[in-house]
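The structure appears right after this line, and notes come after that.
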Amino acid sequence: MNHSTNTQQSFTVTTPLYYVNDIPHIGHAYTTMAADTIARWHRLKQHNVLLITGTDEHGQKIERTAVAAGVAPQVHCDRIVERFDALWSKLDIQYDRFSRTTAPNHQLIVNEFFRRVWDRGDIYKGTQQGWYCVSCEEFKEERDLLADKHCPLHPSKQVEWRDESNYFFRLSKYQQPLEALYAEHPNFILPTSRRNEVLKFVAQGLQDFSISRVNVNWGIPLPTDPQQTIYVWFDALLGYMTALLDPDVEPTLDNALQRWPINLHLIGKDILRFHAVYWPAMLMSAGLPLPERVFAHGYFTKDGKKISKSEGNAIDPIALVDRYGAEPLRYYFLKEIEFGQDGDFNESRFVEIVNADLANSLGNLINRTLNMSKKYCQGRVPNCNAEDISPDNPLKILGQKLGAEVDTAYNKLAFRDVCEAILTLVRSSNKYIDDLAPWTLFKQEKHSELAQVLYAVLESARLSAYLLSPIVPKISTDIYHQLGFDLDFDIVTGNHISTNLNKSELPVDGASAVENWEHHLEWGVLTANHLLGEPRPIFTKLEIASITN
RNA sequence: GGCUCAAUAGCUCAGUCGGUAGAGUAGGGGACUCAUAAGCCCUUGGUCGUCAGUUCAAGUCUGACUUGAGCCA
């Protein structure tokens, strides 16, 4: 069903499995857009890619939310999952696996994994008493509580006294191995500021943590003690592993591990500790290889202000996409917000940036060049090839090194650098046109020079569209069509493995369309006299609508 | 209270090994005409958060402080 070969490089990336307590917000969309983009980049390079997203559905908070809504927990989860999937579809996110922690397969994986850790002697029964916040699903220190026993993170909720006999994971045992891991793999946690936080946290000393709950029915029963259920985080992290199961294989840990380990966990900074400390320790205990990298991105402010429910300034991703479309949003969030740092969403700035880059710089470049090709060269690539362009040509010089530069940037998840590098070629192309004035060359009947100028620009525009396709696949596809290629980046860089959640199957010839486009990474792909498409604006300027406030 | 990171043009950010600050965007002006009034050229705009210190020389190194974001299970 997939076309992986032994020699093919594989790349597995995850978003968090989002907690279904609430409908998707802009933060979920952001992580997932980034994950989709990096997945598309690897697919463009013909890697065997698996983009995993999904939902974390257990825990007391979900149980209570469902009860409050008057539905069974599973019904509640199903409803929220639909909302997530609808958003991913709107944002043109093509995941390969949607992992739900309530999936039957998942329980089998959790049981097996639990057994491994149990057999290692890393789970023991102990008692835990203290103030418990259901919203956090965590015990709190009394000194951290607000007045009247309210949780500092959930000021409207009172904590509850618990005196439980729970099962604990021996995290303390893994302090040294974890420190060794961080030292040997300095890029395991990125960005560096987040890594520092984890280092400090671990250096303080690690305490065992409880991995089971009593009185929580909505969860996976402990294999060794069905009176208790498995703590949501222990359960949720393993969802990454369940996701690796091909739909048609027996759900065993060994089968899931065929594709282990994960290359990249993309997360929000709020869940760093679970991914950078607990998770590797759990895997060490189970004797499994560790993920290559955990990357924690930042949060948003809205017009410089913190987003909060009480402020009522939440950004609804659905409303945004409906108003502006997916591509401008993908572009803005990835280009304008430094990945890894906090950023701001400001609607007028969003419109400004997207219009300046996509309509004015890139869109107009394509449009003016195609129009000139139409007028001066009968709507074809001029009668010359890349070899005919002088090595001194400024666009050729930039174009020849751009692929490698952009590759480096994508691999660092430096989406901003990706866009800036491409924009440098785009801007240079616009300048080059003005400097060489093809309309004058035409009047002077300098056909050879004219051909070289138009070739250099067309080719630069093509390369720009290609390299930008993981971020704006539809715009890139449109540009490619206008350049006379029958290529759909949603097929080339989209997922070609059917997902396990009612996704309509891609056309059968979709996979065969995945021929080798990899050489398009080079400058000089267009061939002489190649027939171009009809020029029409690839991006219509946005107008501000102020829908978010 | 302890710790981490950040602070540079109206806005978003670069700035390497210390050598008197750059880009994009926004604002102002100009020449051009292939083009989505787009693009191109010129230009306004900064005592680089504050105060000290080291140095011939500090955006850059050191210390303190201010503000913001975050971590301390």
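By convention in this document, chain letters (A, B, ...) are assigned in the order of the sequence lines, proteins followed by strands, and residues within each chain are numbered from 1.
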Once base and sugar-phosphate atoms are separated, protein heavy atoms under 4.0 Å mark nucleotides 7-17 of chain B, 5' to 3', with B, S and - as ----BBS----
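Comparing the P positions of B/C61 and B/U25 gives a spacing of 30 Å, expressed to the nearest Å. Atom name C1', nucleotides B/G27 and B/U44: the rounded distance is 8 Å, in whole Å.
Listed by chain and residue number, A/E336 satisfy the salt bridge (charged side-chain N to carboxylate O under 4.0 Å, His left out) test with A/R349 (two or more places apart in sequence, or in another chain). With sequence neighbours excluded, the residues satisfying salt bridge (charged side-chain N to carboxylate O under 4.0 Å, His left out) with A/E160 are A/R64, A/R162. A/K125 meets the salt bridge (charged side-chain N to carboxylate O under 4.0 Å, His left out) test with A/D225; sequence neighbours excluded. The salt bridge (charged side-chain N to carboxylate O under 4.0 Å, His left out) search around A/R293 returns none, not counting sequence neighbours.
Mapping A/P537 and A/R194 onto RNA chain B via the closest heavy atom, the residue that lands nearer the 5' end is A/P537.
None of A/V418, A/T37, A/L329 except one satisfies the side-chain contact (heavy atoms from CB on, under 4.5 Å) rule with A/L334; the exception is A/T37.
Residues A/D208 and A/K173 are not paired through a salt bridge, judged by the lack of any N-O separation under 4.0 Å between the basic side chain and the carboxylate.
Proximity of A/N371 to the phosphate of B/A35: no side-chain N or O atom is located under 4.0 Å from OP1 or OP2.
Interatomic distance, A/N166 CG to A/Q128 CD, rounded to the nearest 0.5 Å: 5.5 Å.
Residues from residues 396-415 of chain A that place a heavy atom under 4.0 Å from any atom of RNA chain B: there are none. Annotation: proximity of residues 202-213 of chain A to RNA chain B (heavy atom, distance under 4.0 Å) is found for A/Q204, A/G205, A/L206, A/Q207, numbered in ascending order. Looking at residues 424-457 of chain A, you'll see A/R427, A/N430, A/K431, A/D434, A/W439 sit with a heavy atom under 4.0 Å from some atom of RNA chain B.
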Which pairs would a plain distance check flag for residues 268-280 of chain A, meaning a side-chain donor or acceptor within less than 3.5 Å of a matching protein atom at least two apart in sequence or in another chain?
residue, atom, partner, partner atom, Å
A/K269, NZ, A/D342, OD1, 2.9
A/K269, NZ, A/D342, OD2, 3.0
A/D270, OD1, A/Y299, OH, 3.2
A/D270, OD2, A/Y299, OH, 3.4
A/H275, ND1, A/I271, O, 3.0
A/H275, NE2, A/Y240, OH, 2.7
A/W279, NE1, A/H265, NE2, 3.0

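The strand RNA chain B forms stems, runs of 3 or more Watson-Crick or G-U wobble pairs with distances below 3.5 Å, at B:1-7 with B:66-72, B:10-13 with B:22-25, B:27-30 with B:40-43, B:49-53 with B:61-65.
Identified under the side chain to side chain donor-acceptor pair (under 3.5 Å) test for residues 189-205 of chain A, with sequence neighbours left out: A/R194-A/E197. A side chain to side chain donor-acceptor pair (under 3.5 Å) check over residues 394-410 of chain A, counting only residues at least two apart or in different chains, returns the pairs A/W41-A/D407, A/K45-A/D407, A/D407-A/N411.
With hydrogens and angles ignored, a donor-acceptor pair closer than 3.5 Å exists between the side chain of A/N364 and the base of B/A35.
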